[in-house]
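Everything quoted here is computed from the prediction, not taken from an experiment. FYI, the numbering just counts along the sequence from 1.
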Amino acid sequence: MDKEEELGSFDPNIPEEGPSAPPPGWLEDIHGYQGHKGGEGDNPLYPPPPAYNPQPEQDRNTLVPNVRVPTVSEDVAREALLKFVESKWTYSSKPARNLTFKELKPIIVYRYRLETYTESRASAWQYESYSGQPVDGPQYGMSPPPWDVPVVLPPRYTDVVERVRVPHSSFVKLCHKCNGCGRTRCVMCHGRGQKRCTFCHGHGRSRNKRCTSCHGRGRKRCMSCHGHGYKTCSACHGSQNLMHYIELTVTWKNNISDFIPDRQPDFPDKKFEKVSGDPFFIDESVLVYPIQGFPDQEICDVTRRLINEHIGRFSANSRIMQQRQTIELVPLTHAYYTYNGKDFSFFVYGVENKVFTAKYPTACTIL
């Protein structure tokens, strides 16, 4: 007789663990949700009906106002540089205090931003243990199609995910994991409640002495099932039945595209990502239209490209709820100065007056 079989006996009426997800064909078809097969990874994305997505009108354009370029004074530039130097412990503040400005040159930098706020809907089968709670099933009517399930809209341009139980999609079935038994055979001890002692390999003795781990029995109680040989079913929690239902996942997302023309080779454009600008133009509608007649032609061209891109990318599987386009003037000043007879420069950028410099007169620990 095999040693494993000597360890104990098990109840043949307690089944092994079934699959974690219902097998194919286990679940019923719900009208409007036939894409579901009941397996894992079962979450089809539903394109919105044509009436849900607006269609752009041809030859529509948007005009924007002129804008004044901001200037930075010497006091502001010096204060910004001193603050920057304070954050660099190896920099001396002496050059920032005593430098002589030669020129403060403002540079026109526009940032265009397009936001497309979308809603998308996907669904998947879910289940919970059934212990007599109300079942909202097909007997109460047909389940509404995915895009007709009512939800509460969040504030616009906020990323939110909401999960909703589809009305009238619930039904009760025996648990697929335990076949309605309420418990499953312990996989650690194969339902015997005991396991072979690992210290004496089931012999009861180790080095010609009684094994101190199993007290000579050659086997030990299974700690996973506490010696029962079975465990309460992890799916139905012993209730023997499961209530299945379709859960709709509604995702609201603000999709953002930014563009800044590269007009200053000495200044890294990536720095603009962490500062604010002055939004002198804001245009908001269900659909926005390309900008025309703006002094910077590159901005005009990019608005057309990004708007077409967003509509093509997001209208296929999402509902476009609102769009917003803005043009910000991002302050950028190139400050030229001398110190100890040598020429240097730095940039002041953003509403926050951040500083970028590739070279500073001194780098020492003496302040």
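- Put simply, NZ on Lys220 and CD on Gln194 are 11.5 Å apart, with the number rounded to the nearest 0.5 Å.
- In this structure the side chain of Asn98 reaches within 4.5 angstrom of the side chain of Lys94, judged on heavy atoms.
- For the atom pair Ile291 CD1 and Ile307 CD1, the distance stands at 7.0 Å (nearest 0.5 Å).
- Not one N or O on the side chain of Tyr33 forms a donor-acceptor pair closer than 3.5 Å with the backbone of Ala124.
- Between the side chain of Asp136 and the backbone N or O of Pro167, no donor-acceptor pair lies under 3.5 Å.
- Hydrophobic clustering of Ile, Leu, Val, Met, Phe, Trp and Tyr side chains at less than 4.5 Å, counting indirect connections, unites Val288 with Phe280.
- The salt bridge (Lys or Arg N to Asp or Glu O under 4.0 Å) search around Arg319 returns Glu119, not counting sequence neighbours.
- Scanning both residues, Ser276 and Glu328, for their nearest heavy atoms gives C-OE2, 4.5 Å.
- Taking each heavy atom of Ile320 and Ser315 in turn, the nearest pair found is CD1-CB, 4.2 Å.
- One hydrophobic cluster, built from ILVMFWY side chains closer than 4.5 Å, holds both Tyr52 and Val250.
- Considering all non-hydrogen atoms of both residues, Cys189 and Gly229 come closest at SG-CA, 4.1 Å.
- The residues Lys83 and Glu86 are annotated as not salt-bridged, no charged nitrogen and carboxylate oxygen being separated by less than 4.0 angstrom.
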Between Ile299 and Phe259, does a side-chain contact (heavy atoms from CB on, under 4.5 Å) hold up when you go through it step by step?
CA-CA 8 Å; Ile299 292 288; Phe259 175 79; 4.2 Å; yes

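- Here the side chain of Asn61 pairs no donor or acceptor atom with the backbone of Gln292 at under 3.5 angstrom.
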Candidate pair Ser120 and Leu45, rule side-chain contact (heavy atoms from CB on, under 4.5 Å), full reasoning
CA-CA 7 Å; Ser120 59; Leu45 200 63; 4.2 Å; yes

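- In this structure a side-chain-to-backbone donor-acceptor pair under 3.5 Å is present from Tyr289 to Glu57.
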Show the numbers, then the answer: is there a side chain to side chain donor-acceptor pair (under 3.5 Å) between Thr184 and Lys177?
CA-CA 8 Å; Thr184 56; Lys177 197 165 190 178; over 6 Å; no

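- Neither Tyr127 nor Val166 shares a network with the other; the hydrophobic side chains, linked directly or stepwise wherever heavy atoms of I, L, V, M, F, W or Y lie under 4.5 Å apart, form separate groups for each.
- Checked by atom type and distance alone, the side chain of Asn353 never pairs as donor or acceptor with a backbone atom of Ala77 at under 3.5 Å.
- In this structure, Gln139 and Val135 approach most closely via the heavy-atom pair NE2-O, 3.6 Å.
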side-chain contact (heavy atoms from CB on, under 4.5 Å) for Trp252 and Met321? Distances and angles first, verdict last.
CA-CA 9 Å; Trp252 291 277; Met321 309 207 45; 3.8 Å; yes

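- In the hydrophobic cluster analysis, where Ile, Leu, Val, Met, Phe, Trp and Tyr join through side-chain heavy atoms closer than 4.5 angstrom, Val76 is grouped apart from Leu82.
- Nearest approach of His334 to Ile107, heavy atoms of both residues: CB-CD1, 4.1 Å.
- How far CD1 of Ile14 is from CZ of Arg185: 8.0 Å, rounded to the nearest 0.5 Å.
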Should Arg78 and Leu81 be marked as a side-chain contact (heavy atoms from CB on, under 4.5 Å) after you check the CA-CA gap, both sets of side-chain angles, and the distance that decides it?
CA-CA 5 Å; Arg78 191 186 305 274; Leu81 185 60; 5.8 Å; no

For the pair Thr303 and Tyr112, evaluate side chain to side chain donor-acceptor pair (under 3.5 Å) and give the outcome as yes or no after the intermediate values.
CA-CA 8 Å; Thr303 64; Tyr112 174 76; 5.2 Å; no

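- In terms of hydrophobic clustering, with Ile, Leu, Val, Met, Phe, Trp and Tyr side chains grouped at heavy-atom distances under 4.5 Å, Val160 and Leu153 are assigned to a common cluster.
- Although no hydrogens or angles enter the test, the distance criterion places no donor-acceptor pair under 3.5 Å between the side chain of Arg219 and the main chain of Cys214.
- Within the cation-pi definition used here (under 6.0 Å to the ring centroid, within 45° of the axis), Arg183 qualifies as a partner of Tyr230.
- The backbone N or O of Gly180 lies less than 3.5 Å from no partner atom in the side chain of Asn241, so there is not a single donor-acceptor pair.
- Judged by a 6.0 Å distance limit and a 45° cone about the ring axis, Arg111 is not positioned over the six-membered ring of Phe272.
- Ring centroid separation for the pair Tyr110 and Phe294 comes in under the 6.0 Å cut-off.
- More than 12 heavy atoms of other shown residues, nucleotides or ligands fall within 6.0 angstrom of atom CZ in Phe101.
- Within the model, atoms NE2 of His190 and SG of Cys222 stand 9.5 Å from one another, a figure rounded to the nearest 0.5 Å.
- Under the 4.0 Å criterion applied to side-chain N and carboxylate O atoms, Asp343 and Lys102 are assigned as salt-bridge partners.
- Checked by atom type and distance alone, the side chain of Ser129 never pairs as donor or acceptor with a backbone atom of Ala235 at under 3.5 Å.
- In this structure, Lys253 NZ and Tyr117 OH are separated by 10.5 Å, a value rounded to the nearest 0.5 Å.
- For the atom pair Trp147 CH2 and Arg121 CZ, the distance stands at 5.5 Å (nearest 0.5 Å).
- A donor-acceptor pair is defined here as one N or O able to donate and one able to accept, closer than 3.5 Å; such a pair exists between the side chain of Ser169 and the backbone of Ile246.
- Across all non-hydrogen atoms, the minimal contact from Tyr46 to Gly32 is CE2-O, 4.1 Å.
- Each of Phe356, Phe84, Phe267 was compared with Tyr349 under the ring-ring contact (aromatic ring centres under 6.0 Å, His included) criterion, and only Phe267 meets it.
- Using a 4.5 Å heavy-atom threshold, the side chains of His168 and Ser143 count as touching.
- Formation of a donor-acceptor pair under 3.5 Å by the Ser239 side chain with backbone atoms of Tyr130 is found in this model.
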